[in-house]
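Working notes, beginning with the structure itself.
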Amino acid sequence: MNRSKWKNVKDELFANGLGVAALLTLIVFTLGAVFAFLSGYDPNAMEAMARLKPPGAGHWFGTDDYGRDYLARALYGGRISLLVGFASMIVATGIGATIGVISGYFGGWLDNLLMRMLDVIMSIPSFLILLLLSVYLKPSVGNLIIIIALLMWMNVARVVRAETMTIKEREYVLYAKASGQSASGIIWRHILPGLVPVIIVGATNNIASAIMMESSLSFLGFGVQPPNATWGSMLNSAQGYIAQAPYLALFPGLLILLTVLSFNVLGDILRVGFEPKLMRR
Amino acid sequence: MSESKVLVDVNNLQKHFSKGKDMRGRDTAVLKAVDGVSFQIRQGETFGLVGESGSGKSTVGRCLLRLYDYTGGEVFFDGQPLGKLGEKGLKPFRRRIQSIFQDPYSSLNLSLNVLELISEPMKIHGIYKGEERKEAVAALLERVGLKREHLYRFPHEFSGGQRQRISIARALSVRPEFVVCDEPISALDVSVQAQVVNMLEDLQSEFGLTYLFIAHDLSMVRHISDRIGVMYGGRLVEVADSDELYDNPLHPYTKALLSSILETDPRKGSQRIRLEGYSGEREAAAQAMLREVSPGHYVALD
Amino acid sequence: MTKRLLSVEDLQVSFATRDGENQAVRGVSFHIDAGETVGIVGESGSGKSVTAKAIMSLIMPPGRITAGNIEFRGERLTGLSEKEWRSLRGNRIAMVFQDPMTSLNPVKKIGQQLTEVIRRHRGLNKEAAVAEAARMLLQVGIQNPEQRLKQYPHEFSGGMRQRVMIAMALSCQPELLIADEPTTALDATIQAQILDLFKELKENSDTAIALITHDLGVVAQVCTRVIVMYGGLIMEEGTVEDIFYRPRHPYTEGLLRSIPKRGGGSRERLIPIEGTPPDLLDPPPGCPFMERCPHAFARCSERPPVVELTPGHRSMCWLVESVQNQTAVHAEGGDSGE
């Protein structure tokens with residue numbers, strides 16, 4: 001990537017108050033996750049006397065149904081949620097973009113094969129895949145990331161393939177082909193830069209759904225095992241107390257919402273910044 | 001002109017596209033974009049290929065660039081058949097045959113700067129290295145009327161005409177012998193069209209280039225072409241020297257096309273030849289073969 | 001005197017872009033009288049299409065009209081509400097666009113689309129509207145109208161679709177038809193047919209036509225009066241004869257010279273206008289053509305005045321102004337045209 005693009009992104013970021021807010025939010029959340037121990041509480045330490053305490057001086061986020069400090073759980077939970085979200089986004093986007101580009105650029109039987117494969121995977125309910133995978137894989141953060149990525153790459157592959165097919169008909173790609181550029185050269189130099197916007201959009205959407213998916217996997221018992229917290233599992237276990245202690249749902253919900261929103265805002269800024277400026281006709 | 005050798009020999013070229021496929025992947029309908037086209041281009045000459053949308057003119061150009069595999073027929077370049085060559089065998093020809101495309105807004109990769117754009121074909125074919133390459137690109141830029149300062153600018157900073165100059169510099173960077181110009185001026189303003197046409201002519205005499213100049217209207221093409229072929233419905237209906245074609249058109253479609261050039265003198269109304277069969281809805285052209293009616297003037301009439 | 005239909009006074013339109021204000025139209029004044037056919041000609045970026053859109057109130061954000069006044073039959077158009085516009089647009093002022101495919105609804109039959117417009121604007125009943133639609137198709141040269149009305153847009157060729165668009169625009173008997181590059185997307189032979197249609201309209205109907213085009217050939221063949229735009233300003237304005245035989249602006253002269261002559265021989269050298277059009281993000285304060293003009297001198301860096309050479313023939317050029325001042329009465333050309 002060249003320097004002027006990053007400058008564009010920087011300009012776009014600072015031209016826009018929302019972008020700065022999104023960046024700060026993510027930085028704060030990440031720092032919070034990294035320095036979670038500073039909360040002073042053990043996230044898994046139960047305190048029978050302090051069950052379902054509303055937010056207040058001792059416990060800023062209150063306590064949950066086992067009397068655990070909710071702030072500490074949110075901070076430690078952020079570690080896993082952000083890690084899983086980010087890592088599975090990278091893996092899924094990588095797989096999806098690679099398959100999409102190959103399928104879209106080469107076309108023909110290869111495209112047919114890859115796309116039929118994709119259709120098959122997409123037509124199997126993800127629950128079934130999850131059940132199957134859970135037989136063979138042990139629940140761990142690493143496996144969680146892989147499973148989420150395997151369930152998510154298809155959408156990126158679809159949009160990347162479609163975009164590749166339009167870009168490869170552009171005259172500059174035809175020119176490169178006609179002047180002897182190799183297929184890999186064409187893909188690297190001419191197709192990928194044009195794909196950056198759709199890949200970024202796909203990736204930010206993926207982060208959002210990865211965080212959501214992590215919560216449903218945890219719910220199924222395949223995610224991170226209790227008592228360890230993640231934002232998703234916190235939200236799930238808050239369900240039973242929605243009337244007595246709405247803050248139990250509110251805090252993880254807000255954290256997920258703000259994270260997803262921030263990634264979307266940043267994704268938008270990246271996309272606009274990377275799009276080459278077009279001259280007005 | 002007649003003593004110079006034939007550089008490009010297109011022999012009964014056919015290119016069909018599949019319009020639909022059944023469940024087993026067999027073609028259900030076929031579009032005969034190019035349906036048996038033969039012509040020759042001599043070294044140093046400009047051959048104009050004219051036709052309206054859907055006539056197959058651009059498909060011919062893309063076949064010559066081997067962007068498509070042919071359905072039938074053969075193209076010989078400098079005596080050697082290109083049709084069966086693989087990418088490896090084609091590589092030397094990919095240097096000798098270069099191209100300029102129509103849309104100055106899509107023929108340049110917007111994410112590369114001018115230096116990267118123009119030096120790409122040089123890199124592919126290993127012409128010059130490092131600083132030497134940069135110098136060569138700068139010299140080319142100056143040759144096409146741009147400036148050395150433009151080396152690190154991006155395409156969006158240029159006007160349509162300037163972008164087309166960049167395309168021209170890029171095509172010339174590997175010192176080709178033959179350039180396929182696929183409607184290189186159609187998207188430009190009139191005053192700029194003239195700039196580009198003049199430049200192409202200057203470069204032709206300077207570097208001894210041979211051009212295939214594809215266009216959709218006949219007004220500009222005469223100024224650059226030595227000979228012109230008129231395409232209609234995937235076939236060539238008439239081929240002649242430019243002046244002969246304008247002064248003595250024989251095929252009714254050529255006549256209709258010529259009469260549709262707008263007179264820029266308000267007192268002279270164009271006497272328009274209306275041929276319902278040849279304008280508006282289009283059927284496949286007649287299957288008549290090109291016949292030589294006078295030296296160098298070929299027409300396909302029943 | 002003919003009736004003044006449309007008058008545009010000091011129109012300015014700009015578009016907000018990431019790099020600043022794109023001043024597409026920078027103070028344009030002209031008028032169109034009832035029944036006349038005016039060509040607005042210019043290259044890309046001259047502001048001709050933006051002017052047309054401003055007249056139709058089709059400037060959408062980030063674009064906006066920053067100054068000026070547009071009057072239609074003495075009524076102010078600038079500042080009308082969208083509702084007031086709706087009764088005007090299509091009804092008294094109609095527009096035909098460059099691409100007929102995107103202007104027609106692909107899932108509705110041509111007849112449905114046409115009768116809908118006719119019924120809405122003319123309040124006819126269904127049978128009468130169908131009959132009127134068929135009559136309109138015949139008028140724009142489409143044979144077998146009854147059968148054609150039952151077809152969908154994709155069953156029509158590009159030229160036929162543009163005919164349908166023109167029929168649709170004319171079906172409400174507008175007083176002004178604005179055609180924005182109506183033949184640019186069409187093949188040469190089809191373009192010729194559509195221009196014939198415009199010529200017929202000019203002869204046989206009272207509708208005034210504003211034809212926006214980049215093609216001087218189109219103007220020469222169809223229009224009675226011509227407005228030449230460049231860099232967001234009107235460079236020269238006059239009758240077709242004024243512009244083609246007695247051009248008095250270096251830009252018009254250059255433009256006319258750069259067109260290939262129909263009778264010219266093969267490989268005859270063309271005479272281009274060197275240079276590139278001005279950047280409208282940062283337009284020159286003076287004459288926009290200054291940088292490309294072979295006659296430019298120091299004064300050209302100030303905005304030139306509009307000089308009326310003969311009635312209706314105006315040129316925005318210091319050169320013309322200085323000649324005009326020196327010789328008081330300009331004797332060249334002799335006749336005044338009309």
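Proteins come first, then strands; the chains are lettered A, B, ... in the order of their sequence lines, and each starts at number 1.
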Could you label the plane-to-plane angle of the [X] and [Y] rings as parallel, tilted or perpendicular, counting under 30° as parallel and over 60° as perpendicular?
X      : Y      : answer
C/H249 : C/Y251 : perpendicular
C/H154 : C/Y152 : parallel
B/Y232 : B/Y253 : tilted

Check each atom of [X] against the heavy atoms of chain B and say whether the ones under 4.5 Å are side chain, backbone, both or neither.
X      : value
C/D279 : neither
C/R292 : side chain
C/E274 : both
C/V218 : both
C/I271 : backbone

query: Between C/G275, C/G42, C/A220, which residue shows the highest count of heavy-atom pairs closer than 4.5 Å to chain B?
result: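 Top count of heavy-atom pairs under 4.5 Å with chain B: C/A220.
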
task: Identify, with sequence neighbours excluded, every residue that meets side chain to side chain donor-acceptor pair (under 3.5 Å) alongside B/H297.
output: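 Counting only residues at least two positions away or on another chain, B/H297 forms a side chain to side chain donor-acceptor pair (under 3.5 Å) with B/E238, B/E244.
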
statement: Residue set satisfying salt bridge (Lys or Arg N to Asp or Glu O under 4.0 Å) with B/D247, at least two apart, ordered chain then number -> B/R222

task: Assess the pair B/F47 and B/F213: is the distance between their ring centroids shorter than 6.0 Å?
output: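 Distance test on ring centres: not under 6.0 Å, no.
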
message: Checking B/H150 now: which residues fulfil ring-ring contact (aromatic ring centres under 6.0 Å, His included) with it, not counting sequence neighbours?
response: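 B/H150 satisfies ring-ring contact (aromatic ring centres under 6.0 Å, His included) with B/F158 only.
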
message: Would you compute the distance between atom CG of B/D226 and atom OG of B/S242 and round it to the nearest 0.5 angstrom?
response: 6.0 Å

- request: Drop me the distance from C/T183's OG1 to C/F198's CZ, to the nearest 0.5 angstrom.
  value: 8.0 Å

query: Is any residue of residues 192-204 of chain B within less than 4.5 Å of chain C by heavy atoms, and which ones?
result: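 Near chain C, by residue number: B/V192, B/A194, B/Q195, B/V197, B/N198, B/E201, B/D202, B/Q204.
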
